[in-house]
Amino acid sequence: MADHCTTTERKSHHSDKLKGNLQSRLNRIEGQIRGIKGMIEKDVYCDDVLNQIAAVQSALNSVGKILLEGHMKTCVIERLSEGDQEVVDEFIKTVNKLIK
């Protein structure tokens, strides 16, 4: 199996396609955040601002799901196959943070 995630360096190695996808999504989210800041400055109706905040949260959740799936399919499985059971607790902690 390819070395996607090493425990000593704690780096992930994502494909260029995945990186591009994630960067594109994060750029859109960054733009949405700037838009929300502008809405606040312009005293836009609270419900409209809250709807934009919900959209950003949903977009961030999508990015998190993509990364979580990749992490599970590469790093977690790889570490488990090497006998590293600590990765399970680490993964559970991470999932708990994401679903708060």
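Quick note: numbers below take in every heavy atom, side chains included, and nothing from hydrogens, waters or symmetry partners. By convention here, the first residue in the shown sequence is residue 1. A quick note: this is a predicted structure, and the numbers were derived from the prediction, not measured.
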Do [X] and [Y] share a hydrophobic cluster, counting only Ile, Leu, Val, Met, Phe, Trp and Tyr and linking them when any side-chain heavy atoms are less than 4.5 Å apart?
{"X": "M72", "Y": "I92", "value": "yes"}
{"X": "I66", "Y": "V95", "value": "no"}
{"X": "L68", "Y": "V63", "value": "no"}

| request: Using side chain to side chain donor-acceptor pair (under 3.5 Å) as the criterion, list what pairs up with E69, not counting sequence neighbours. | output: K73

| task | Begin from the C-alpha positions of Q52 and V44 and carry the test side-chain contact (heavy atoms from CB on, under 4.5 Å) through to its verdict. | result | CA-CA 11 Å; Q52 286 303 308; V44 171; over 6 Å; no

Nearest 0.5 Å, please: how far is [atom2] in [Y] from [atom1] in [X]?
{"X": "N21", "Y": "L26", "atom1": "CG", "atom2": "CG", "value": "9.5 Å"}
{"X": "T74", "Y": "R79", "atom1": "OG1", "atom2": "CZ", "value": "11.0 Å"}
{"X": "K19", "Y": "L22", "atom1": "NZ", "atom2": "CG", "value": "10.0 Å"}
{"X": "C46", "Y": "I40", "atom1": "SG", "atom2": "CD1", "value": "8.0 Å"}
{"X": "L60", "Y": "L98", "atom1": "CG", "atom2": "CG", "value": "10.5 Å"}
{"X": "I36", "Y": "D48", "atom1": "CD1", "atom2": "CG", "value": "11.5 Å"}

| request: Kindly determine whether Q32 and I29 satisfy side-chain contact (heavy atoms from CB on, under 4.5 Å), including the steps that lead there. | output: CA-CA 5 Å; Q32 288 177 293; I29 292 167; 3.9 Å; yes

| task | Inspect the surroundings of CG in D16 and state if more than 12 heavy atoms from other residues, nucleotides or ligands are less than 6.0 Å away. | result | no

| query | Do H14 and L67 pass the side-chain contact (heavy atoms from CB on, under 4.5 Å) test, and can you show the C-alpha distance, the side-chain angles, and the key distance before you say yes or no? | reply | CA-CA 10 Å; H14 303 292; L67 283 170; 3.9 Å; yes

| For the side chain of T94 and the backbone of E90, is there at least one donor-acceptor N/O pair under 3.5 Å apart? | yes

